[in-house]
Engineer: 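The structure's right below; bear with me while I get my questions together.
Counting starts at 1 for both ligands and their atoms, following the listed order. Below, each value reflects all heavy atoms present in this structure, side chains not excepted, and no hydrogens, waters or symmetry copies.
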Amino acid sequence: MDRIAEDSPTSPPPHLQTRKLIAGIAVLFALACLIALGALFNIALSLNTSEREKSSFYAHKALEQRLEASRQFLSSYAVWDAAYDHLNGAPDLTWAYEEKNVGDSLYTASGFEGVFVVDDQHTKYALLKGQLRHAPASTYIEEPLAPIIAQARSVATERQQTTQYVLFNGWPAVVVAAAIRPDDEQLSIDPRTTSVMMFVDQLTPEKLDNLGAGAGLSGMHIEKAGALADDQSSLALGETGYRLVWATPRPGDQLLWAVLPPLLGAMLVLGLLMIYFFRYALRTAREIDSSLQSLQSSNLALEASEQRFRAVAEAASDWIWETDSFQRLSYLSQRFVTVTGYKSEDWLGQPIDQLLSCETTPLTLWLDSQAEPDPQQMANLRCAYRDQNGQLCFCRVSARSIMLDGKLAGFRGTASDITDEVAAHARIQHLSMHDALTGLANRNKLSRFLEQALLKGQKAPPLTLLLLDLDSFKPINDSLGHAAGDAVLLEVAVRLRDSTRDGDLVARLGGDEFVLVMNGMDSRNEIDRFCARMIDNLHQPIHYEEQALHIGASLGVAQTRLQGFDADELIRCADIALYQAKADGKNTWRYFSPEMNEQIQYRRQLENDLRKALKNNEFVLHFQPRYRLETLEIVSVEALVRWQHPIEGLLGPDTFIPLAEQTDLIVPLGRWVLREACETARNWPNHLLVSVNLSPAQFSRSDVVNDVYTILVETGFPAQRLELEITENVMLNDIEGALGTMTALKELGVRLNMDDFGTGYSSLGYLRTYPFDSIKIDKRFIAGLSTESNDRAVVQAIINLGKAMGLTVTAEGVETEQQLEALGKEKCHEVQGYYLSKPVDKLAFEQLLLNHNSSRSGAS
Ligand code: C2E
Ligand code: CA
Ligand code: CA
């Protein structure tokens, strides 16, 4: 890009260069034409000029010759003794006219229109066109005669004559005058006293024609001076006001006429040809230019896109692959090398399914199906491969067909490494089903196991459920510490597992409570023997740091054959039986019997109380703040319901929420909580969010969207300050319906928070599909932070995943400074827990807000 940008100012595009060249040639051509024309005109002009000069010379000479002839002729009459004798004194007309000595032949033969003999006073003799006249000469000659006479006399001695142009009868003529004298050698008379003979030669057209013909000039004639065309040549005829004019040949004009038209024609043709050629050249140059330009810009675009592609390919965490039509790898991006540790050459040319494999469908078939992809189907496939170190890795593969000329030329796509995600998913999955300490199944897995086993009801094989509680565990924990307690729990887990068979389940419910679900053990006898063995087994000392620890166990027994096929009911019954066993002195076991069913009575009572409590408004909300971890400022508050029981005092939600959920009471209770929370929080600072827990039962048994909408409208609480906390169980029952409800809730403007994240099933999938804004990592994982390194990895993975999905991540149940620190290191967004603040009632919370704010403003 830079290179071309640098080039362009120094060399203009070719069409501009061509234009310059063309302009140069055109100027040269025009110049050449001008010079040629100039030279031509110059030649013509000089031809014309020299011709004109020549003709003037000839005209002049011809006239001169005529005058000379006239002079000679006159001289032969004037210098003549006889003429002197007969005309100098009184004129002798007989001699002159009748004897034709100076007679009419002067006109008829010699062409003189006038012949006069004059002296100072009068005209002695006058002939006009050969006829004798008595009028004086001045009648005809419009010129004073005296000067002519004087002039003629003055040159008489030298036998000379005088000549002058005059108007004769109004027409130009030449007067030749000479004094009449005897033809002596030595002039004996005084020429000033003699008469003067004058011949008038009128320049008639016929004479001029002859004169012109003699000089080789045509069109000779006389014109009045002034009205002369400039291309005419002329000679002035004395003072007469007339001039002699003749046609001047103009060879230059002829030359021009002959040469100019073909020359101009040739120039025109040449000019047109040049214009045509120039336009063609210019167009071609422009075309070259524009194609060069488009080539350059497409080159640039190509370069840029290649750079972009390379940058993306190298910066992305994904690697990019391409195959030919036989699905052999033909390209692997640089990232492939980084991610897998292989060299590209190791795999180029190899079939792609040798590198990647998929558990659910052959990769080759899947790729073939991508040749005509189904837009409904997600074009991603989870594949596994072994990296260079032999480590099993996972990636998400996307693919697209490469079409060339309508034919399949191969495939290309990306592979995103999801090894960590898969591992985290697996770990979360495992954790959600297992107890972190002992690795036994947890309550979740137990429920699922029972659900599965009891599915067939009466037709299912009989099951026995044993609820086991350790005796004297708490003292060990209290006196020797958690580590000793954990060691005991681990050992108990081993012994329990060892004493059960493959199809059985051993679960830890928390604390020192375990459940065993036994298959195909139905007779009391059998159960008795097993229980006795278990108690004996657990009674054996447990070695911990060179100490022998002694514990015992109590067991409660429930059987499907007797207590039915409801999992919760079975556990409840076993729990009652266990309680009985403990009450009966520990280290023993009891079978459930209906007589033990005071619990059931209690529950009924509770249910009634709950109904009344709703009526009597016995519920209160406590509030637990949530903090931004970085600054430890309060950003949100969770509303947690309590029951101010008239007899039993303040009860936590765990004692009545499950019951409310089993009956429909959860719906009015949920509405109350939501309304109370909104009304209370309306008076709190605007930035403070309020979280309200929603029970899954509210989703299935009421129109949550409408409830939330109504309460928001009625309380005037802004939706964006309300956050609803939902557990994954909501989605378990009705996946489609839950998605619809959540989308509708989001459309109201509220935030959605996934509560107890990590305890449910397939959490990641839900996160991707549902419109959550935030997640809350379950407190179980946070509790494990300080002790269990395993939990730490899970928390880390959850935080990273949450962030990758753009969610706000909260950790709940933060009880210690170490936990807070650990979360800070993992860059968790928000925290909540006893360490920062327990849930407190409204007044206490408002006080806490005040203190918090004043300490903050004090600090800042
Ligand atoms: P939850 O939504 O997970 O709420 C957090 C529970 O953990 C609260 O118990 C809280 O007091 C407790 N807790 C907070 N910090 C710590 C800590 O640092 N360590 C420990 N160990 N616990 C901590 P609580 O108030 O007893 O509520 C229990 C559960 O009852 C709640 O769990 C929630 O699922 C349910 N619940 C509470 N209020 C409501 C309600 O208004 N509606 C519904 N549907 N359920 C509610
Ligand atoms: Ca909650
Ligand atoms: Ca929770």
Engineer: Distance alone, cut at 3.5 Å: any donor-acceptor contact between the side chains of Thr808 and Asp773?
Structural biologist: no
Engineer: In total, how many protein N/O/S atoms does one find closer than 3.0 Å to the Ca ion (ligand 2)?
Structural biologist: 4
Engineer: Can you report which non-hydrogen protein atom sits closest to atom 40 (C) of ligand 1, along with the distance?
Structural biologist: Val641 CG1, 3.8 Å
Engineer: Does the pair Met534 and Trp589 meet the rule for a side chain to side chain contact (heavy atoms under 4.5 Å, CB included), with working shown?
Structural biologist: CA-CA 10 Å; Met534 283 304 311; Trp589 65 97; over 6 Å; no
Engineer: Salt bridge check, Glu679 against Arg682: does any charged N sit closer than 4.0 Å to a carboxylate O?
Structural biologist: no
Engineer: Does ligand 1 have a heavy atom under 4.0 Å from the side chain of Glu638, from its backbone, from both, or from neither?
Structural biologist: side chain
Engineer: Near Phe565 CZ, under 6.0 Å, is it more than 12 heavy atoms from other residues, nucleotides or ligands?
Structural biologist: yes
Engineer: Any donor and acceptor pair, going by atom type alone, linking the side chain of Thr438 with main-chain N or O of Leu490 inside 3.5 Å?
Structural biologist: no
Engineer: Tyr835 versus ligand 1: do any nitrogen or oxygen atoms come within less than 3.5 Å of each other?
Structural biologist: no
Engineer: Can you list the ligand 1 atoms lying under 4.0 Å from a non-hydrogen atom of Glu815?
Structural biologist: 17 (C), 18 (O), 19 (N), 20 (C), 21 (N)
Engineer: Only heavy atoms of Ser695, strictly under 4.0 Å: list the atoms of ligand 1 that pass.
Structural biologist: 44 (N)
Engineer: Using modelled atom types and a 3.5 Å cut-off, is there a donor and acceptor pairing between side-chain atoms of Gln624 and backbone atoms of Ser837?
Structural biologist: yes
Engineer: With a cutoff of 4.0 Å, is Gly813 in contact with ligand 1, counting heavy atoms of the residue only?
Structural biologist: yes
Engineer: Return the residue, atom name and 0.1 Å-rounded distance of the protein heavy atom closest to atom 31 (C) of ligand 1.
Structural biologist: Leu640 CD2, 4.4 Å
Engineer: Look only at the side chain of Asn442 and the backbone of Asn444, and say whether a donor-acceptor pair between them is shorter than 3.5 Å.
Structural biologist: yes
Engineer: Measure the distance from atom 32 (O) of ligand 1 to every protein heavy atom, then report the residue, atom name and distance (to 0.1 Å) of the closest one.
Structural biologist: Lys779 NZ, 4.6 Å
Engineer: Contact between Gln832 and ligand 1, counting heavy atoms under 4.0 Å?
Structural biologist: no
Engineer: Salt-bridged, Glu723 to Lys776, with N to O below 4.0 Å?
Structural biologist: no
Engineer: Any N/O of Asn693 closer than 3.5 Å to an N/O of ligand 1?
Structural biologist: yes
Engineer: Counting non-hydrogen protein atoms only, what is the nearest one to atom 13 (N) of ligand 1? Give residue, atom name and distance.
Structural biologist: Tyr834 CE2, 3.6 Å
Engineer: Under 3.5 Å, N or O to N or O, is Glu725 touching ligand 1 that way?
Structural biologist: no
Engineer: Does the protein put any heavy atom within less than 4.0 Å of atom 34 (O) of ligand 1?
Structural biologist: no
Engineer: Hey, does the side chain of Arg508 reach the backbone of Gly511 with a donor-acceptor pair shorter than 3.5 angstrom?
Structural biologist: yes
Engineer: Are Leu724 and Leu722 close enough, and set up right, to give a side chain to side chain contact (heavy atoms under 4.5 Å, CB included), and what steps lead you there?
Structural biologist: CA-CA 7 Å; Leu724 300 176; Leu722 180 63; 4.1 Å; yes
Engineer: Give a yes/no on ligand 1: does Pro839 have at least one heavy atom closer than 4.0 angstrom to it?
Structural biologist: yes
Engineer: Please check: side-chain N/O of Asn587 versus main-chain N/O of Ala553, any donor-acceptor pairing under 3.5 Å?
Structural biologist: yes
Engineer: Taking atom 2 (O) of ligand 1 as the reference point, report whether a protein heavy atom occurs under 4.0 Å from it.
Structural biologist: yes
Engineer: Take every heavy atom of Glu661, measure it against each atom of ligand 1, and state whether any distance is under 4.0 Å.
Structural biologist: no
Engineer: Of all the atoms in ligand 1, which lie at a distance below 4.0 Å from a heavy atom belonging to Val814?
Structural biologist: 18 (O)
Engineer: To which protein heavy atom is atom 24 (P) of ligand 1 closest, and what is the distance rounded to 0.1 Å?
Structural biologist: Pro653 CG, 3.6 Å
Engineer: Would Lys838 and Tyr834 count as a cation-pi pair here, with the cationic atom under 6.0 angstrom from the ring centre and within 45° of the axis?
Structural biologist: yes
Engineer: Is a donor on one side and an acceptor on the other found under 3.5 Å between the side chain of Gln452 and the backbone of Phe449?
Structural biologist: no
Engineer: Okay, side chain of Arg721, backbone of Leu688: is any donor-acceptor separation there less than 3.5 Å?
Structural biologist: yes
Engineer: What I want to know is whether Ala639 and ligand 1 share at least one N or O pair that is separated by under 3.5 angstrom.
Structural biologist: no
Engineer: Atom 41 (O) of ligand 1: which protein heavy atom is closest, and how many Å away?
Structural biologist: Val673 CG1, 3.5 Å
Engineer: Which ligand 1 atoms, with their elements, are less than 4.0 angstrom from a heavy-atom of Gln624?
Structural biologist: 14 (C), 15 (N)
Engineer: When rounded to the nearest 0.5 angstrom, what distance separates CG in Leu570 from CG in Leu467?
Structural biologist: 11.0 Å
Engineer: Grab the two heavy atoms, one from Glu725 and one from Asn693, that are nearest each other, plus how far apart they are.
Structural biologist: OE1-OD1, 3.1 Å
